[in-house]
Amino acid sequence: MLPSPQPLGLIDPDGKRTAYRGHPLPPPEVLRELHRRMVIGRRFDRQAGALTRQGRLAVYPSSHGQEACQIGGVLALGPGDWLFPTYRDSVALLTRGIDPVEVLTLLRGSWHSGYDPYRYKTGPQCTPLATNALHAVGLADAARRRGDDVAVLVLMGDGATSEGDAHEAFNFAAVYGAPVVFLIQNNGWAISVPLEKQSKAPTLAHKAVGYGIPGRLVDGNDAAIVYAVVHDALEKARGGGGPTVVEAVTYRIEAHTNADDPTRYRDDEEVAAWRRRDPIDRMEAYLRGNGLIDDAALDGVRAEAEEVAAGVRERMRADDHVAPAELFAHVYAEQTPQLREQAALLAAELAADADVDQEVPA
Amino acid sequence: MLPSPQPLGLIDPDGKRTAYRGHPLPPPEVLRELHRRMVIGRRFDRQAGALTRQGRLAVYPSSHGQEACQIGGVLALGPGDWLFPTYRDSVALLTRGIDPVEVLTLLRGSWHSGYDPYRYKTGPQCTPLATNALHAVGLADAARRRGDDVAVLVLMGDGATSEGDAHEAFNFAAVYGAPVVFLIQNNGWAISVPLEKQSKAPTLAHKAVGYGIPGRLVDGNDAAIVYAVVHDALEKARGGGGPTVVEAVTYRIEAHTNADDPTRYRDDEEVAAWRRRDPIDRMEAYLRGNGLIDDAALDGVRAEAEEVAAGVRERMRADDHVAPAELFAHVYAEQTPQLREQAALLAAELAADADVDQEVPA
Amino acid sequence: MIATMAAALNAALRDCLREDPSVIVFGEDVGPLGGVFRVTDGLAREFGEERCFDTPLAESGIVGTAVGMAMYGLRPVVEMQFDAFAYPAFEQIASHVAKMRNRTRGRVALPMVIRIPYGGGIGGVEHHCDSSEAYYTHTAGLRVVTPGTPADAYWMLRQAVASPDPVVFLEPKRRYWARGEVDPAVPGTPMDRAVVRREGTDVTLLAYGPMVQTALEAAEAAAEEGWSAEVIDLRSLSPFDDETVTASVRRTGRAVVVHEAQSFCGYGAEVAARVTERCFHHLHAPVLRVGGFDIPYPPPALEEHHLPGVDRILDAVARLQWEHA
Amino acid sequence: MIATMAAALNAALRDCLREDPSVIVFGEDVGPLGGVFRVTDGLAREFGEERCFDTPLAESGIVGTAVGMAMYGLRPVVEMQFDAFAYPAFEQIASHVAKMRNRTRGRVALPMVIRIPYGGGIGGVEHHCDSSEAYYTHTAGLRVVTPGTPADAYWMLRQAVASPDPVVFLEPKRRYWARGEVDPAVPGTPMDRAVVRREGTDVTLLAYGPMVQTALEAAEAAAEEGWSAEVIDLRSLSPFDDETVTASVRRTGRAVVVHEAQSFCGYGAEVAARVTERCFHHLHAPVLRVGGFDIPYPPPALEEHHLPGVDRILDAVARLQWEHA
Ligand SMILES: Cc1ncc(C[n+]2csc(CCOP(=O)(O)OP(=O)(O)O)c2C)c(N)n1
Ligand SMILES: Cc1ncc(C[n+]2csc(CCOP(=O)(O)OP(=O)(O)O)c2C)c(N)n1
Ligand SMILES: [Mg+2]
Ligand SMILES: [Mg+2]
């Protein structure tokens, strides 16, 4: 009933296969794909950081350090499965195949969610903490009720587990037997609050016990174990085996967002120690050490990552004009008379402004 | 780390000492007091039921069957300790020494809480489920911060554990090391919803694991074990040992409240089976079997119970007039100008009505 | 048929479940018990526990899972057991239910209904009698409706379930047992329109839900005093039917809005403000509000003093500066 | 001293912590980080983690434990990180914080302060810019106040902490970095009174928090158009200072109320309704409301179109039927 006291891992920080045999190592093509996506994700993340410093994004919460969780989780999803991400999970969304510009719509401030949740079977990035966990349970359970072969993966942070909604989500999932996997990215911090001020449980995976759900503790910087365990849990969920809680122990290398100042609450040394457990380095070491990747392939991946970044740079240069009238477009299925009135008011204001602009001598 | 799989008990349903030796049996005078209070509590509960049928109470949620939990818990409290009850816990309040008429103020509809929380170190009866658990944690933690020798007991139902606030309360208590004991009266039902639709955990005590709190599972119809375990937990809490979750397995013999119709959702047989596990019968059997009580003493207890009931009957006959002006008296420390205006309006209405009444020819 | 409001609501749910397989009903005690007000009586038996079922006891959980279910194409109809017990779901309602369509640029609709028994007048103890409508009407993206008669209860609930928008459906507890004619064959007025319940020429009484009946009684009494009162049942609190209301007040030149909720920042404030904005030069007197006092809902012993009744409405009518007529 | 509003709030908390050992400050990230807006900067260091500390990430937990602490004699000052993140605490606020004194017949007071940074204008993403004041002002038992200047920020927070009633203290985010004179030696106006910020004779502009500055700018612009506008900073949203407001509007005969929140059932509705009730025969035109549209708070790209600005206020002033003057 209790999760393992130590995080499960398949590949250790030095890129060596661990002694753990409870899950098979994913096949080479999956490992290579995990690596490739992590390299691209890291590059994308760096690009987003740069755009933020240039003032092109309103805010950016970095995924740096958490690529193994996000990518391991997303690649484990089957074709009919759904994903419910948070604000932190840009790299997960990129990996999900969502247009990077649509991923950044929220953070750029053009609109709230930038992509079509149905097209990508992906909920909007969720900011009110833990609320998405309930949406995930609901959607999973709806699929179960319909008899569809669908499982759902929801991403949440360590801090989010303290919210009442996390508890209610775990409990509803257990009671309904909903096909949902809760992947907790325990990155050690909720903004400035360390895990030891958040919970006294031996691990967050232990929370599963109180719901009669299996809890798994994994090394969140080992993409192979995250993939394997989430894959397993999703399969089990689809087969009617109910929910699983997976805690992936990882680290947020950057500040909480660009607006944050981590020097106020944590040591550089802690960061440095975690850099030595980098998820990409270790996967690369494993792939190299086992002859699964060569320099040419690596260069190819890096070039692809540069291309993605260049594409983002390029496309983010274009102005993302949003028509003011859209303010009123999506509040109800049909605009209410009230909103029509207000839309007309704004339109008149804008027309008047335009007239004034034209009056200004050239 | 895991609670016992079977409920701990000191006295079995037949009134025999169990084999369990993890807690000492409370001394005879405590057992006699537990018994005496249960007999009085049961009689009070019956009286309240009668008053409800007579239309003198707006609503009454019965404690019948749960006396061992409520009384075992309350008698375990030390002189500086606090209690946070729910609407279900009239017998706990009576045992706490609160004037029975004040206990019934809420249910009679005269006011909300009828007693002075400071006088009795007892929070008001709480209806929004699980919200009182947070109040208990806060008060306990305030006492801890002040260095006072105070622990807090909070009562909650099985259904209430599903609320987000229950989770947040367990977690805050654990993180703060607050001196609080959560006594879950698992009476099998949340109105019409059975426990198996509420939780898939092996027991509710298992929920403690996810917070790093000890969880104890006890026979909730054995007042001795409830007393012993809660007493222990409170002592530990006062000593800086932090919170404990205690699940007491019991049963709600009556309907949820007088407004409920349990025939719609449960069998008489289930009730009958639990009647055979009656907390008073078993304690009486133990006391008799061990020569700790004789017929005279028993008669004395019963007479005392009748006296309490008669007192309640008598005093509840008196009209409990509440002045309409009190509507405005306790909203703020001082009445705001707004409320003064409204109070004047009502006073004028009442005066006009009185005039009209006087105009009516005698 | 003649039915109580509770029975009319029950019939509406039954017909929705029958006609649309995507409709599901869930909440606390709505299954075998049929709800504490019996509004879901018999539904679990008739449609099975997969379509009408009890949930764990957690309101945020109920609403939050309903969001996910609606995203997947179901039409959840959830019950909050009493007004004040919807508050734990407030974040899900305000931040997701109300906003999902807007957040996703129109891509994700949430056709769901949150049924909330509300208001007082039933001798209920604390937390069981709140009039919480203004919390929802101030939240864009929600439709907020409340029936005042059994016929409206039936038809408005059917329309709410069919609506592509999320609807907060407020059920006036004290009217659950009131009887009236319900004809499931004759479609009702659209739920976003107000209805003139009684015609009059001197003053417009604006009421909804639990107060419609009281307003009608006040109009009756007013007639005896020589005032012809028009009574409008607002029905849709959000959006507001300006057309019907404005036409009436422009004609009568006087208006009183009535509700149980505390007056301060209550729904009546909006009604008074917007009617005044739109009818200012037709008004002989300010639009008056007759609402609850600005206090927490009182204990049963005092509720009669708190709740607006016929006398208080008449007093307001009397204060409408008839001398200026 | 010249200080930003954030610094003034920080100074107030520091002085409260110094003077009253029962004051404690807690919330998410208020400890070593000093809060995401740095309002609690340095307090954990100066007063120790027992008096200023980080909590687990759960708003209902924060408010609910504060209730228990206040019952025990502490004076908790809690921070909700942003407006929309106070919603999980709504049940604790509405059912307990607001009602505890009343529930216990006056025996249990809850002197506590819930600080909520609110409103928009800072380019914040969704859920970070809600104007949630009306949810609280419609809840009897709460005091709801909001400062518009650094000096008020300092003094009103001091008074809020000293108040025997629970106070929802709304901090206008976009004014955190605005500077102004703060004199901790000269006690400020009582927090339950409105203040005339600029005198005028033709029209009264009623504003609070984030909109006070905008209203002052509008008054300036109005002067150029020949209208003398009086500007009142309401400060206390609940209770409402009728005396100050009524006196002004009776004098000017015209009023416009301004806020960021959606207008429908917004705070401005109450202001318009009550001012009209009390000043009807002095009014030349209906009290107009200039508020946000009835939509969810928009993304940064569009917020300038949503938020009331000087022009929109002037347009409202222009519509006050000057031809009837
Ligand atoms: C309900 C709610 N409360 C507060 C916040 C403000 N907030 C945003 S992120 C954050 C910390 C979250 O920590 P964690 O869950 O560990 O996720 P991480 O940012 O580390 O990925 C907080 C407090 C929020 N978004 N939602
Ligand atoms: C937040 C909230 N939701 C719903 C209710 C309505 N309600 C009152 S009692 C009850 C069942 C409670 O069950 P449990 O916690 O097991 O306590 P019991 O009544 O069995 O003692 C419900 C749903 C409530 N009081 N509070
Ligand atoms: Mg984290
Ligand atoms: Mg129960």
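Given the structure is predicted, the values throughout are model-derived calculations rather than measurements. Just so we're on the same page: letters track the sequence lines, and every chain starts at 1.
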Please classify the contact of A:I213 with chain B as side chain, backbone, both or neither, using a heavy-atom distance under 4.5 Å.
neither
Smallest heavy-atom separation, A:G212 atom then B:P202 atom, equals CA-CD, 4.4 Å
Which pairs, with at least one residue in residues 164-174 of chain B and sequence neighbours excluded, count as a side-chain hydrogen bond (donor to acceptor under 3.5 Å, both in side chains)?
A:S162-B:N171, B:D165-D:S60, B:D165-D:Q92, B:H167-B:Y211
Which atoms of B:E163 approach chain A - backbone, side chain, both or neither, heavy atom under 4.5 Å
both
Which atoms of B:L2 are under 4.5 Å from chain A, going by heavy atoms: the side chain, the backbone, both sets, or neither?
side chain
Look at B:K200, B:K207, B:H206 and state which one has the largest set of heavy-atom pairs under 4.5 Å with chain A.
B:K200
Crowded around B:Q6 CD? As in, over 12 foreign heavy atoms under 6.0 Å?
no
For A:T161, is it the side chain, the backbone, both or neither that has a heavy atom under 4.5 Å from a heavy atom of chain B?
backbone
Among B:S199, B:A205, B:A208, who wins on heavy-atom pairs under 4.5 Å with chain A?
B:S199
